[in-house]
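We're numbering straight along the sequence, starting at 1.
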Amino acid sequence: MIAGHRGARAVAPENTLISMKAAADAGAKWIETDTQLCEDLVPVIIHDKSVRRCTNGSGSVRHKTLQELKQLDAGSWFSPEFAGETIPTLHELLAACDEYGLNLNLEIKVHYEEEVTLQVTKTIEAIKNYGFDPERLILSSFSYNAVNQCLEQWPEVRRGLIIEDWVPDIERLDEKLKLYSIHLDHHLLNEKLAKEIIHAGKVLQIWTMNDPKKVAKFTRWGVSTIITDDPALLISAANN
């Protein structure tokens, strides 16, 4: 299965609603995207700690109000045709997922480890208040503490641990986090490791893999989901 990374960030400004639509239009059934809190404690959809890279503003997301964030242009940095795109709230993202028929792998992007409990609480509150179908949801994070908070606060929802630099003892780790899936940097994966993860009973997802020539290999190794910046390109490769 092919999932869109921050929507379809190869063809549209990442983590905007137009990017989510582009992923759906490409045929993706899943997207992977990031959420963090703004000053008002509203979960918003943006990857970086700062707004600088993906908007016309500057400063940290956490120290801006939602009104301030909504005044920023989150599209022009990518291309003038996307001028006026804004940073979505989590609520807006969930509505877009319903509109476009997308399932959601939501990364809880932790920039302030001391606020993990608050961040997870507000994220789960937003999802429950919207009424998004938990069967269409995976909550994931690089942060062990965030994944553990997801387990404590909403154990019914599937959890994924994102790994970028080393691979822990999966079975020992799972005693604490009760994971559904492992989300691994594709550069770390080899066939032996793939077998170990699958043997441990975990669904294996990889990121961010943009090479259509490698789709068949990773599929053969048992990878369940390939997260990519260009879902149209990889869906085409998978279908061929």
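Of the possible donor and acceptor atoms, one in the side chain of Trp77 sits under 3.5 Å from a partner among the backbone N and O of Ala74. No donor-acceptor pair closer than 3.5 Å links the side chain of Thr55 to the backbone N or O of Arg52. In terms of modelled atom types and a separation under 3.5 Å, the side chain of Ser143 and the main chain of Val110 share no donor-acceptor contact. The main-chain N or O of Val42 is never found under 3.5 Å from a side-chain atom of Asp40 such that the two would form a donor-acceptor pair. Checking side-chain atoms of Lys64 against main-chain N and O of Ser58 turns up a donor-acceptor pair under 3.5 Å. Not one N or O on the side chain of Arg53 forms a donor-acceptor pair closer than 3.5 Å with the backbone of Val51. The backbone N or O of Gln119 lies less than 3.5 Å from a partner atom in the side chain of Thr123, making a donor-acceptor pair. Here the side chain of Thr86 pairs no donor or acceptor atom with the backbone of Pro88 at under 3.5 angstrom. Under the 3.5 Å distance criterion, the side-chain polar atoms of Gln36 are matched with a main-chain donor or acceptor of Ile46. For Lys29 (side chain) and Leu102 (main-chain N/O), no donor-acceptor pair under 3.5 Å exists by modelled atom type.
Nearest heavy-atom pair across Pro13 and Thr16 is O-OG1, 2.6 Å. Across every non-hydrogen atom of Leu17 and Tyr100, the tightest pair is O-CE1, 4.2 Å. For His5 against Ile227, the heavy-atom pair with the smallest separation is CB-CG2, 3.6 Å. Residues Ala83 and Asp73 approach most closely at CA-OD2, 3.8 Å, considering heavy atoms. Pro231 approaches Ala23 most closely through the heavy-atom pair CG-CA, 4.1 Å. A pairwise comparison of heavy atoms in Tyr144 and Leu177 identifies O-CD2, 3.8 Å as the closest pair.
Distance check, rounded to the nearest 0.5 Å: CD of Gln153 to CD of Glu156 gives 12.0 Å. The OG atom of Ser19 sits 9.0 Å away from atom CG of Asp229, with the distance rounded to the nearest 0.5 Å. Here OG of Ser140 is found 11.5 Å from CZ of Arg158. Values are rounded to the nearest 0.5 Å. The CZ atom of Arg159 sits 9.5 Å away from atom OG of Ser181, with the distance rounded to the nearest 0.5 Å. Taken to the nearest 0.5 Å, the CD atom of Glu14 stands 6.5 Å off from the CG atom of Asp48. In this structure, Gln71 CD and Asn56 CG are separated by 10.5 Å, a value rounded to the nearest 0.5 Å.
Transitive grouping of hydrophobic side chains (ILVMFWY, heavy atoms separated by less than 4.5 Å) brings Ile2 and Val223 into a common cluster. In the hydrophobic clustering of this structure, Phe218 groups with Leu204; members are Ile, Leu, Val, Met, Phe, Trp, Tyr whose side-chain heavy atoms approach within less than 4.5 Å, directly or through other members. Grouping the Ile, Leu, Val, Met, Phe, Trp and Tyr side chains by contacts below 4.5 angstrom, directly or via other members, places Ile235 with Leu233. Hydrophobic clustering (side-chain heavy atoms under 4.5 Å, transitive across Ile, Leu, Val, Met, Phe, Trp, Tyr) groups Leu161 together with Ile206. Put simply, Val120 and Ile45 are part of the same group of oily side chains (I, L, V, M, F, W, Y) that touch within less than 4.5 Å, one to the next.
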I'd like to know whether Asn239 forms a side-chain contact (heavy atoms from CB on, under 4.5 Å) with Ser236, so could you lay out the CA-CA distance, the side-chain angles of the two residues, the decisive distance to 0.1 Å, and finally the verdict.
CA-CA 5 Å; Asn239 289 340; Ser236 176; 5.9 Å; no
Test side-chain contact (heavy atoms from CB on, under 4.5 Å) on Asp185 and Ile163; report intermediate values, then the result.
CA-CA 6 Å; Asp185 180 344; Ile163 299 173; over 6 Å; no
Please determine whether side-chain contact (heavy atoms from CB on, under 4.5 Å) holds for the pair His47 and Asn15, giving the CA-CA distance in whole Å, both sets of side-chain angles, and the decisive distance to 0.1 Å.
CA-CA 8 Å; His47 176 275; Asn15 283 337; 3.9 Å; yes
Lys202 and Tyr180: side-chain contact (heavy atoms from CB on, under 4.5 Å), yes or no, with the steps?
CA-CA 6 Å; Lys202 303 302 131 190; Tyr180 167 76; over 6 Å; no
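Under a cut-off of 6.0 angstrom, the local environment of CD in Glu135 is sparse, with at most 12 non-hydrogen atoms contributed by other residues, nucleotides or ligands. Other residues, nucleotides and ligands contribute over 12 non-hydrogen atoms within 6.0 Å of the NZ atom of Lys217.
Here Thr228 pairs with Asn210 under the side-chain hydrogen bond (donor to acceptor under 3.5 Å, both in side chains) rule; sequence neighbours left out. Residues satisfying the ring-ring contact (aromatic ring centres under 6.0 Å, His included) test with Phe78, not counting sequence neighbours, are Phe82. Applying the salt bridge (charged side-chain N to carboxylate O under 4.0 Å, His left out) rule to Arg62 yields the partners Glu115; only residues at least two apart in sequence or on another chain are considered. Contacts of Lys195 classified as side chain to side chain contact (heavy atoms under 4.5 Å, CB included), with partners at least two apart in sequence or in another chain: Glu191.
A salt bridge links Asp25 to Lys21: one of the charged nitrogens lies within less than 4.0 Å of a carboxylate oxygen. Checked for salt-bridge contact, Lys70 and Glu92 meet the test: a charged N lies under 4.0 Å from a carboxylate O. Using a 4.0 Å cut-off between charged nitrogen and carboxylate oxygen, Glu125 and Lys122 count as a salt-bridge pair. At a threshold of 4.0 Å, the pair Arg136-Asp98 counts as salt-bridged, since one of the basic side-chain nitrogens sits closer than that to a carboxylate oxygen.
Side-chain contact check for Glu107 and Thr33: no donor-acceptor pair (N or O, by modelled atom type) lies under 3.5 Å. Side-chain contact of Gln149 with Asn145: a donor-acceptor pair under 3.5 Å is absent, judged by distance alone.
Using a 4.5 Å cut-off on side-chain heavy atoms (C-beta onward), Asn105 and Ile31 make no contact. The shortest distance between side-chain heavy atoms of Phe132 and Leu93 does not fall below 4.5 Å. Between Val61 and Leu69 the shortest side-chain heavy-atom distance falls below 4.5 Å. Considering only heavy atoms from C-beta on, Ile138 comes within 4.5 Å of His183 through its side chain. Considering only heavy atoms from C-beta on, Leu106 comes within 4.5 Å of Leu90 through its side chain. Residues Ile108 and Cys150 meet the side-chain proximity criterion, which asks for heavy atoms closer than 4.5 Å. In this structure the side chain of Ile127 reaches within 4.5 angstrom of the side chain of Leu139, judged on heavy atoms. In this structure, Glu152 and Asn148 have side chains that are in contact, with non-hydrogen atoms separated by less than 4.5 Å.
Only one option out of Lys49, Arg6, Arg9 pairs with Asp34 in a salt bridge (Lys or Arg N to Asp or Glu O under 4.0 Å); it is Arg6.
Cation-pi check for Lys192 over Trp221 is not met; the charged atom does not lie both under 6.0 angstrom from the ring centroid and within 45 degrees of its normal.
With side-chain heavy atoms closer than 4.5 Å counting as contact, directly or through intermediates, Tyr112 stands alone and belongs to no larger hydrophobic cluster. The hydrophobic cluster containing Leu41, built from Ile/Leu/Val/Met/Phe/Trp/Tyr side-chain heavy atoms closer than 4.5 Å, also comprises Leu37, Leu118.
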